[in-house]
Peer 1: 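I'd like to ask you about the structure that follows.
Sequence lines set the chain letters: A, B, ... in the order given, protein chains first and strands last, and positions in each chain run from 1.
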Amino acid sequence: MSLLPFCEWLASTRWSIALHESLWAYPIIESTHVVTLLLFAGTVMMVDLRLLGVAFRDVPVSEMNARLLPWTVAGAVIMVTTGLLLFYAIPVRTYQSVWFRIKVVFLVAAAINVWFFHRRVQRDRERWDTDPKPPLAARVSAGVSLVLWSGIIVFGRMIAYNWFDCYRPQSDFVYWLAGCVVEAQA
Amino acid sequence: MNWLEVFDALERTAVGQTIRESLWLFPAIEAVHLLGLGLLGGSLLVVDLRLLGLGLRGRAPHLVLADARPWFLAALATMFATGIPLFLSEAIKCFYNYSFWVKMIGLTTGLVFTFAIKHPLVRRDPGRLLGALLGLVSLGVWFTVAAAGRWIGFSG
């Protein structure tokens, strides 16, 4: 099943067109999305660097979590809100963007990593809460987190480039990955 | 030599030309610039939030600064190492771009404020009120730098 018809319908709605054609709204939403990296990615990185044992080594992990993760959540709310609006402004092209699709896969993986960290890795946190260098499982989880979120930032930025857009000649692989509708087959 | 001639010479440097002629160099460097932005934001926010009585409230501000400072310096190094080549690839565009100048003024203000005022005062314990003021000014200046930086791409 393809979400393409849904995206085409989204693109035809009044507010999507208004946003797409807006002089100020789109750039302001886009800038808010980028500037919120300071808050969202910033606090994620600080917590991950602590878990890797390379920063804030004498601050308990529980304290980092309790004091900083609420700010991460606030950042995430802004990211998701502005991100959905950005998608809503350009639904079809974004849906068929190779970069966007990889970004979504990474987002799902990052979410699973967050869940896994809070549910499993932290289960015995009391035993290593104040350790300057947390156990391997926590360090791996933090490393995975840093790699995934970095990928999400990089792929997100690449959505702006049209190298792999459907209107350009692409390899079969890119056509498939982007979900391009080939006229001859359609 | 006026400013425009200087910017013209900068744009014609080998680094600038190489980036302009490449399809992927600009996006790649720009992506690393964004990763640096995240690190800059984190290492800056932990200190400024603490000065405002938020975030890592269990620790004295100067201790939070001591922990965050190496990462803040690393982030700044990343930003300069990527930002300068990006600038060299489109120096003339930047010259005519008001966001670029807002960013440069903000950046100069931010650097002077951070290293000449904020860090020395935090080390000497500025007290709650002055601390909060330092945190607010710091957040304001650096968010302006980030937003103006993004706006360079919209105001070309």
Side-chain angles (χ1 to χ4, degrees), chain A residues 22-50 52 54-60 62-72 74-75 79 99 132 146-147 149-163, chain B residues 23-50 52-60 63-72 74-75 78-79 82 99 138-139 142-156:
Chain A
S22 65
L23 189 63
W24 291 100
Y26 186 85
I28 288 172
I29 295 168
E30 215 281 343
S31 299
T32 306
H33 197 66
V34 173
V35 170
T36 304
L37 279 176
L38 289 159
L39 177 63
F40 179 75
T43 50
V44 167
M45 285 180 188
M46 291 303 111
V47 171
D48 284 343
L49 291 174
R50 168 63 186 94
L52 284 173
V54 295
F56 300 95
R57 287 161 58 96
D58 46 0
V59 182
S62 58
E63 193 179 331
M64 293 294 285
N65 288 352
R67 302 290 196 210
L68 294 182
L69 288 186
W71 295 93
T72 311
M79 282 303 201
W99 299 114
L146 283 176
V147 169
W149 288 113
S150 298
I152 288 161
I153 292 170
V154 172
F155 300 137
R157 185 60 190 91
M158 295 303 154
I159 296 172
Y161 295 95
N162 65 356
W163 308 318
Chain B
L23 189 67
W24 57 272
L25 260 180
F26 190 93
I29 300 170
E30 200 183 25
V32 180
H33 200 62
L34 281 180
L35 295 179
L37 179 72
L39 187 61
L40 187 83
S43 54
L44 186 78
L45 273 171
V46 280
V47 177
D48 291 345
L49 286 175
R50 176 62 191 88
L52 289 164
L54 305 163
L56 295 168
R57 283 172 303 178
R59 291 167 66 76
L63 292 175
V64 178
L65 175 64
D67 271 326
R69 193 175 146 102
W71 300 97
F72 179 70
T78 307
M79 293 316 248
T82 51
S99 297
S138 175
L139 285 178
W142 287 107
F143 268 90
T144 304
V145 174
R150 179 59 195 92
W151 209 263
I152 293 172
F154 287 126
S155 57

Peer 1: Working to the nearest 0.5 angstrom, can you tell me the gap between M158(A) CE and E30(B) CD?
Peer 2: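 Rounded to the nearest 0.5 Å, the CE-CD separation comes to 7.0 Å.
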Peer 1: Of all heavy-atom pairs between G38(B) and A41(A), which one has the smallest distance, and what is that distance?
Peer 2: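 For G38(B) and A41(A), the tightest heavy-atom pair comes out as CA-CB, 4.1 Å.
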Peer 1: Heavy-atom distance under 4.5 Å between the side chains of W142(B) and L38(A), does that happen here?
Peer 2: no
Peer 1: Atom CH2 of residue position W71(A) - does it have more than 12 heavy atoms of other residues, nucleotides or ligands inside 6.0 Å?
Peer 2: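 Not buried by this count: 12 neighbours or fewer within 6.0 Å.
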Peer 1: Residues in salt bridge (Lys or Arg N to Asp or Glu O under 4.0 Å) with E30(A), at least two apart?
Peer 2: R150(B)
Peer 1: What side-chain donor-acceptor pairs closer than 3.5 Å can you find for residues 42-49 of chain A, not counting sequence neighbours?
Peer 2:
unit_1	atom_1	unit_2	atom_2	d
T43(A)	OG1	L39(A)	O	2.7
T43(A)	OG1	F40(A)	O	3.1
T43(A)	OG1	T72(A)	OG1	2.9
D48(A)	OD2	S145(A)	OG	2.5

Peer 1: Given heavy-atom pairs under 4.5 angstrom as the criterion, report whether the side chain, backbone, both or neither of A75(B) touches chain A.
Peer 2: neither
Peer 1: Examine whether an atom of Y161(A) lies under 4.5 Å from a heavy atom of chain B, and if so say whether it belongs to the side chain, the backbone or both; otherwise answer neither.
Peer 2: side chain
Peer 1: So which atom in G55(B) and which in L68(A) form the shortest heavy-atom distance, rounded to 0.1 Å?
Peer 2: CA-CD2, 4.4 Å
Peer 1: Check whether L49(B) gets within reach of chain A through its side chain, its backbone, both or neither, counting any heavy atom under 4.5 Å.
Peer 2: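 For L49(B), the contact with chain A is made by the side chain alone.
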Peer 1: Is the shortest heavy-atom distance from the side chain of L34(B) to the side chain of V34(A) under 4.5 Å?
Peer 2: yes
Peer 1: Which heavy atom of F56(A) sits nearest a heavy atom of L56(B), and at what distance?
Peer 2: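 Answer, listing the atom of F56(A) first, then L56(B): CE2-CD1, 3.9 Å.
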Peer 1: Between V54(A) and W71(B), which heavy-atom pair has the shortest distance, and what is it?
Peer 2: O-CZ2, 3.4 Å
Peer 1: Roughly how far, to the nearest 0.5 Å, is CZ of R59(B) from CD of E63(A)?
Peer 2: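 One gets 7.0 Å once the value is rounded to the nearest 0.5 Å.
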Peer 1: Where do P27(A) and F154(B) come nearest, in terms of heavy atoms and distance?
Peer 2: O-CE1, 3.6 Å
Peer 1: What part of L39(B) gets closer than 4.5 Å to chain A, counting heavy atoms only: side chain, backbone, both or neither?
Peer 2: both
Peer 1: Could you check if a side-chain atom of D67(B) sits within less than 4.5 angstrom of a side-chain atom of D58(A), using non-hydrogen atoms only?
Peer 2: yes
Peer 1: Supply the atom-to-atom distance L35(B) CG to L37(A) CG, rounded to the nearest 0.5 angstrom.
Peer 2: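 If I round to the nearest 0.5 Å, the distance is 9.0 Å.
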Peer 1: Please round to the nearest 0.5 Å and tell me the distance separating atom OG1 of T36(A) and atom CZ of F143(B).
Peer 2: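 Answer for the OG1-CZ pair, T36(A) versus F143(B), is 7.5 Å.
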Peer 1: What do you reckon, is CH2 of W163(A) surrounded by more than 12 foreign heavy atoms closer than 6.0 Å?
Peer 2: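 More than 12 heavy atoms, drawn from other residues, nucleotides or ligands, come within 6.0 Å of this atom.
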